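Taking it in order: structure first as C-alpha cells, then the write-up.
Ligands are counted one by one from 1 in listed order, and the atoms in each one are counted from 1 as well. Remember, it's a predicted structure, so these values are computed and weren't measured experimentally.
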Amino acid sequence: MSLLAPDENNIIKAADLIKSGGLVAFPTETVYGLGANAFDPIAVSKIFETKQRPFFDPLIVHISSFAMLSRVTENFGVLEQKLADAFWPGPLTLILPKKREIPDIVTAGLSTVAVRMPSNEIAIKLISRAETPVAAPSANPFGRISPTKAEHVLKQLGNNIEIILDGGNCERGIESTILKIENGIPYVLRHGAVTAEEIEREAGIKVIKKIEEAASNPETPGQLLSHYSPQTPLVFINDIDLNHIDKKNAGFLAFRKHSVMPEFKKIEILSESGDLHEAAANLFSCLHKLDDEGLDIIYTEKVPEQGLGSAIMDRLKRASKKGK
Ligand code: TXA
Ligand code: MG
C-alpha cells in the first residue's frame with residue numbers, strides 16, 4: 001500500500017472505491033478519516049474491522065453540501081442552521097435525528113446521527129465525487145493516537161487500507177467539536193477544534209459542557225476514559241518534579257519553550273510561544289514522534305484549560321489513562 005497524491009485522477013479512483021464498497025483514508029482539516037459509503041452497512045463494517053473498533057462506538061457522517069444533508073436527517077432546526085451557517089464547512093459535528101435509511105451500524109443503534117461538513121478541499125471533492133455521505137472515524141487503531149499526517153495512517157493501518165490520499169499535515173490537528181442540541185440548549189459532548197466560547201459567540205446562547213466523566217455516558221458513546229494513547233506510558237508532570245526524575249530514557253512533551261530546557265532523551269514542544277492553536281495542530285504529531293522513540297516513559301506538561309486548551313487537555317488526560 002502506498003500514499004496517493006490527491007490529484008483529480010486519484011480522487012476519482014478513491015471515490016470509485018467508496019462507491020464500490022471499499023475504504024479510503026483521506027485528510028480532513030482535523031485528523032485523517034477512514035471513510036466508507038454511509039449507506040452501505042457491509043462497507044461500514046470493514047471500518048470497524050480495520051480499526052478493531054467496538055460496535056457501540058458510532059461514526060460521524062461527512063457531507064459535502066447542504067443538499068446532501070437531507071439524505072441523512074429530516075429535521076434541521078433553526079439553531080442547527082445558525083450553527084451550520086457559522087461553522088460549516090468546518091470542525092463542528094452536530095448530533096441530529098437520523099433518517100431511517102442510515103444503517104444502525106453507523107449510529108450504534110441510536111436514533112441520532114453525528115454529521116459534519118469538513119472544510120478540507122480534498123475531503124469535499126472525495127465526498128462529492130463519491131456522490132454519497134461518507135461515514136468516517138479517525139484513521140487510527142481504536143484507542144490509539146489520531147493521525148494528522150498520511151504517514152501516521154500508513155504506519156498504523158497501512159496494510160489494511162487500499163487507498164490513502166496524502167493531503168499533508170492536517171491544519172487543525174484535533175478532532176471536531178461534537179454538539180447536541182436539546183430543547184434549544186447546546187451541549188458539548190466532545191471538546192474539539194471549535195471552542196465553546198466561539199459557539200457561544202456565534203449562537204448567542206450559553207453552551208453546556210457535558211463531557212469529562214463520559215466514561216460510560218450513553219450521551220457520548222465511544223468517549224472512553226482511555227483514548228488517544230501512545231504505547232509508551234504518558235504521565236503528567238509539574239515544574240517541581242521535573243528536577244527530580246530520571247530523564248535517561250524518558251521523553252518530554254512541553255507546552256512551550258522553557259528558558260532552560262531539561263535534558264530528556266527526546267523533547268517535543270507543542271508551541272514555542274505557547275500558542276494554543278499551534279499546540280493543538282502539533283499535539284498528535286508530537287505524540288507520534290515521542291512514541292516512535294522506544295522510550296520507557298513520556299512526561300507531559302499541562303496546558304491552560306481555556307479555549308482550545310480544553311480540547312488538548314481532554315486528549316492528554318485520556319492518553320495518560322491505562323487500559324480501555
Ligand atoms: O474531526 C473529526 O470528528 C474526525 C474526522 C475524521 O472527521 N472524526 C472523528 O471520528 O473524530 P471518531 O470516530 O474518532 O469519533 C466520533 C465520535 C464517537 O466516538 C462518538 O463519541 C461520537 O462521535 N458520536 C458519533 N455518533 C454519535 C451520536 N449519534 N450521538 C453522540 N455521539 C456520537
Ligand atoms: Mg477517534
Side-chain angles (χ1 to χ4, degrees), residues 23-36 38 44 47-48 50-64 72-73 87-99 102 104-120 122-124 126-127 133-148 152-153 156-157 165 167 170-182 187-194 210-211 214-229 280 284 311 314-315 318-319 324:
L23 304 188
V24 170
F26 64 98
T28 81
E29 70 280 17
T30 59
V31 299
Y32 276 74
L34 181 61
V44 172
I47 296 179
F48 285 88
T50 304
K51 277 184 62 103
Q52 303 268 302
R53 178 179 175 116
F55 287 110
F56 62 72
D57 191 359
L59 306 179
I60 295 174
V61 174
H62 298 68
I63 55 172
S64 57
V72 296
T73 187
F87 295 104
W88 283 0
L92 179 69
T93 294
L94 295 174
I95 304 298
L96 304 168
K98 93 173 180 85
K99 264 205 163 163
I102 302 270
D104 282 337
I105 188 170
V106 173
T107 61
L110 298 172
S111 59
T112 53
V113 59
V115 183
R116 85 177 190 97
M117 190 191 295
S119 63
N120 181 289
I122 302 161
I124 290 286
L126 174 70
I127 300 162
V134 169
S138 49
N140 53 288
F142 183 70
R144 303 285 303 286
I145 312 172
S146 304
T148 55
H152 297 156
V153 183
Q156 291 186 308
L157 293 176
L165 289 173
C170 298
E171 186 190 334
R172 309 297 289 266
I174 208 156
E175 288 88 348
S176 62
T177 302
I178 301 181
L179 203 70
K180 182 175 195 176
I181 295 161
E182 267 171 352
Y187 295 91
V188 174
L189 302 186
R190 175 175 76 182
H191 282 301
V194 173
K210 212 176 176 180
I211 340 153
S216 55
N217 181 353
E219 291 274 17
T220 325
Q223 283 300 95
L224 301 185
L225 266 182
S226 170
H227 209 147
Y228 315 105
S229 304
F284 290 131
D314 171 82
R315 305 301 184 273
R318 293 177 207 274
K324 296 274 138 29

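Contact annotation: the side chain of Val113 never approaches that of Lys99 to less than 4.5 Å [non-hydrogen atoms, C-beta and beyond]. Asn140 has its side chain out of reach of Phe284: every pair of non-hydrogen atoms, C-beta onward, lies at least 4.5 Å apart. When side chains are defined from C-beta on, Ser176 counts as touching Arg190, because their heavy atoms get closer than 4.5 Å. Counting heavy atoms from C-beta on, the side chains of Lys98 and Asp104 come closer than 4.5 Å. Side-chain contact between Leu126 and Val134 is absent, with no heavy atoms from C-beta onward closer than 4.5 Å.
Using cut-offs of 30° and 60° for the angle between ring planes, the His227 and Phe142 rings count as tilted.
Of the heavy atoms in Leu110, only side-chain atoms (C-beta onward) come closer than 4.0 Å to ligand 1. The proximity of Lys98 to ligand 1, defined as any non-hydrogen pair under 4.0 Å, does not occur for either the backbone or the side chain. Residue-level proximity to ligand 1 for Arg190 is carried by the side chain, the only part with a heavy atom below 4.0 angstrom.
Using a cut-off of 2.8 Å, one finds that Ser138 contributes an N/O/S atom close to the Mg ion (ligand 2).
Interface of Asp57 with ligand 1, defined as ligand atoms under 4.0 Å from a residue heavy atom, comprises 18 (C), 19 (O), 20 (C). Set against the non-hydrogen atoms of Ala114, the atoms of ligand 1 under 4.0 Å away are 25 (C), 26 (N), 27 (C). Remark: ligand 1 atoms within the under-4.0 Å shell around heavy atoms of Ile178 are 17 (C), 22 (C), 23 (O). For ligand 1, the atoms lying closer than 4.0 Å to a non-hydrogen atom of Leu59 are 25 (C), 26 (N). Heavy-atom contacts of Gly33 reach the following atoms of ligand 1: 6 (C) (cutoff under 4.0 Å). Close approach of ligand 1 to His62 (heavy-atom distance below 4.0 Å) involves ligand atoms 5 (C), 6 (C), 7 (O). Close contacts between ligand 1 and Thr112 involve ligand atoms 28 (C), 29 (N), 30 (N) [criterion: under 4.0 Å to a heavy atom].
Between Arg53 and ligand 1, at least one N/O pair is under 3.5 Å apart. Between Thr93 and ligand 1, not a single N/O pair is under 3.5 Å apart.
Under the 3.5 Å distance criterion, the side-chain polar atoms of Thr148 are left unmatched by any main-chain donor or acceptor of Gly173.
In the candidate list Ser176, Gly35, Ser138, Ser146, Ser138 is nearest to atom 9 (C) of ligand 1, counting heavy atoms. Taking each of Leu34, Leu94, Val61, Ile95 in turn, the one with a heavy atom nearest to atom 32 (N) of ligand 1 proves to be Ile95.
Residue contacts with ligand 1: Arg116 is included, with a non-hydrogen atom under 4.0 Å away.
Note on Glu29 versus Arg116: salt bridge recorded, some NZ/NE/NH1/NH2 to OD/OE distance being below 4.0 Å.
Checking Glu175 against Ser146 by side-chain atom types alone, a donor-acceptor pair falls below 3.5 Å.
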Apply side chain to side chain contact (heavy atoms under 4.5 Å, CB included) to Ile178 and Ile95, showing your working. CA-CA 7 Å; Ile178 301 181; Ile95 304 298; 3.7 Å; yes

